[in-house]
There are 2 protein chains.
Amino acid sequence: MATIYDVSIMAGVSLATVSRVMNNNTKVSDKTKQKVLDAMQALGYRPNTIAQSLASNRSNSVGVLVSQLDGPFYGPMMTEIETALRSANKHVIIASGHSDEKQEKEGVEFLMSRGCDALILDVEAVSDQYLIELSQGSTPVVFINRYIDAIKERCVYLENEMGGYLATQHILSLGHKALAYISGPLFKLDARDRLQGHKRALAEFNIAFDPELCVESNFREFGGSDAMEHLLSLNKPITAVVCANDQMASGAISVCLARGLRVPDDISFIGYDNIPFPQYISPKLSTVSNPINEMGKMAARWVLQQVYNDKNVVVESSFQPELFIRDSSQALALSNVNANTP
Amino acid sequence: MATIYDVSIMAGVSLATVSRVMNNNTKVSDKTKQKVLDAMQALGYRPNTIAQSLASNRSNSVGVLVSQLDGPFYGPMMTEIETALRSANKHVIIASGHSDEKQEKEGVEFLMSRGCDALILDVEAVSDQYLIELSQGSTPVVFINRYIDAIKERCVYLENEMGGYLATQHILSLGHKALAYISGPLFKLDARDRLQGHKRALAEFNIAFDPELCVESNFREFGGSDAMEHLLSLNKPITAVVCANDQMASGAISVCLARGLRVPDDISFIGYDNIPFPQYISPKLSTVSNPINEMGKMAARWVLQQVYNDKNVVVESSFQPELFIRDSSQALALSNVNANTP
DNA sequence: CTGTTAGCGCCTTCAA
DNA sequence: TTGAAGGCGCTAACAG
């Protein structure tokens, strides 16, 4: 592999000059620049990024830590991050934290020790305080899916409370009064916010929140199934179920269908996230959007702007959820008020 | 940030000794080792991986190139790769090739220029020849989801032909004779192999392959929908549809349901891949497994073994698909032979 | 077992 | 505009 030294010899210039044309910071005369370019071409020269990093104290890499690599979220988010960053010739190093405090911290440590120029974190288990301290360190950090007031300028987040409100409001405006709620894990901020939005809508419609009809689950399909089994075992009237994400909604619906309940005739459902798959199931799931891909893009832009001084990008930090009404929710018919109470 | 130099001063030893205890290659007396460890602890020392890489000519990073970052595949695969590699303190750099030859080659270039110690590639558009040449270069490369005879020892792949055979054989053994097939893009090897398995099963049951009932699609949900619309527009009897992946199957099923066809009563379906989601839809999708996560793990192990000399791992290169019979396929009843012909 | 001494390939003042 | 020279933090012979 040719080095900068080989190039300098061949072009008859100094190392410094070669370095200059590579980074075209300083002025180099067109003539020498051309000589250097020719030499590079001839030798098939490729700069050694490791050496560049060591000398310049910049790795051109940004670390991304997400809670989990699989599932419908991480992919779209990564797609945007990778695209945005690679077009600026930066690369992405990934790690996952598994929603566990220890693992999340280890992931951060790991990425920092790799000399990342910046970190994009989608973490759930670590405390606000930890993140605040982290953001005071020398490595710039931006957070996805998290809002911390003290460092809000580095948070890219969805208005989850509003989303929870929208979902429930939609159901209520359809005339439903006997609602159940399947929540995500309440140690996660988004789950708490969505639930809070749910409660706000209930209050607005003067409907009491029944803690027994609110089940805390895990954001997974099987979690939704389990929660639904539990809800049905209560033998309370339920005409609609608001789910904190689409995956749980799908799991819950599958349980109902298996028991012969018709959706939405006997029981309505609404999810959250608007992931692609449930748009292809029967019935198509009503839901609230979660533009995770846009948020990934924004986080990448934040890094480009703050760390790599790209002046051409604007960053938006707050995203609004949007209601998508499809086929799993319908107006309450008198006939089904007690549909699933024996 | 403390450097190795600071540690050496504090511990009262040389740079080399500090380096030695870090890499514990050579023997160091317990006493000095402890002094060094203490000093490291006291200074909160973290080795600079960039400098390590430059000096050792090893980046401890492995590049992973996949065709797409979103969708139900990449996640599980990455999960395993990241877990396996991180536990060996290696990191993964990702890039995506979007099933496009140019982008795939760029991705490879990109990862190589980042000094990756090895590459794990899940590429579809580049030629066998290109990959053969690539594997002769100095950077070790392993391929997922691809079988090339000349370099089979670095291929981790699924027996797709067998999977295609199994799926179709299941349907045929249920008595179906009027089968349609929704294929993936035929420039992709896995799509071709699955189709070939399909044909083999047909031949075994003495059923002619009808090209008109074989639609080439794109492995996506909406592609499955489009393909199904087309098939139905043919007004030919169809009692079962074999789909080259679960996503297309889901899209196709949604079209049928929307038209009032009952699945599986009027028409049976089988997919391929066994992704989680269709297990929660109605009807639960029969399918063939594609252990992409296992394949990711194997690729990572291959790297650990070949590049980082880990003797404790064994690598398996060929994976067998397995049939999962669920609710979307059922025995042909005489009543539905012409179900969807008007 | 430990220290000395060159680099790894490149960037970046400082002079010229 | 260009060149010389000193690192960046660490590894890897080579001695001792």
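Letters A, B, ... mirror the listed sequences (proteins, then strands); counts begin at 1. None of the values given here were measured: they were computed from a predicted structure.
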Check your understanding: Rounded to whole angstroms, how far apart are CG on A/Leu54 and C1' on D/dC10?
Key -> 8 Å
Check your understanding: Taking only residues two or more places apart in sequence, or in another chain, which ones meet A/Glu104 in a side-chain hydrogen bond (donor to acceptor under 3.5 Å, both in side chains)?
Key -> none
Study note, to complete from the structure: Result for 5'-nearest mapping on DNA chain C, choosing between A/Thr3 and B/Ser29, is B/Ser29
Point to revise | Within 6.0 Å of NZ in A/Lys105, more than 12 heavy atoms from elsewhere | key: yes
Point to revise | chain B footprint on DNA chain C, 5' to 3' - any atom under 4.0 Å from a heavy atom | key: C/dC1 to C/dG9
Practice item. Decide, yes or no, whether a salt bridge links B/Arg146 with B/Asp128 under the criterion of side-chain N to carboxylate O below 4.0 Å. Key: yes
Point to revise | Which residues share a salt bridge (Lys or Arg N to Asp or Glu O under 4.0 Å) with A/Glu80, sequence neighbours left out | key: none
Review point. Nucleotide by nucleotide, 5' to 3', does protein get under 4.0 Å of the base (B), only the sugar-phosphate (S), or neither (-) in nucleotides 11-16 of chain D, counting heavy atoms?
Key: SBBB--
Exercise for review: Check the distance between D/dC10's C1' and A/Arg114's CZ and give it to me in whole angstrom.
Suggested key: 14 Å
Check your understanding: Is the CZ atom of A/Arg86 crowded by more than 12 outside heavy atoms at less than 6.0 Å?
Key -> yes
Practice item. Please work out if B/Asn48 contacts a base, only the sugar-phosphate, or nothing of the nucleic acid, heavy-atom cut-off 4.0 Å. Key: sugar-phosphate
Review point. Looking only at side-chain N and O atoms, does A/Thr17 come under 4.0 Å of OP1 or OP2 in D/dG3?
Key: yes
Practice item. Provide, to the nearest angstrom, the distance between the NZ atom belonging to A/Lys31 and the C1' atom belonging to D/dT2. Key: 13 Å
Point to revise | B/Gln305 side-chain N/O to B/Asp310 backbone N/O, donor-acceptor pair under 3.5 Å | key: no
**Study point:** salt bridge (Lys or Arg N to Asp or Glu O under 4.0 Å) involving A/Glu106 - partner list, sequence neighbours excluded
**Key:** A/Lys102
Review point. For B/Arg114, what residues pass the salt bridge (Lys or Arg N to Asp or Glu O under 4.0 Å) criterion, not counting sequence neighbours?
Key: none
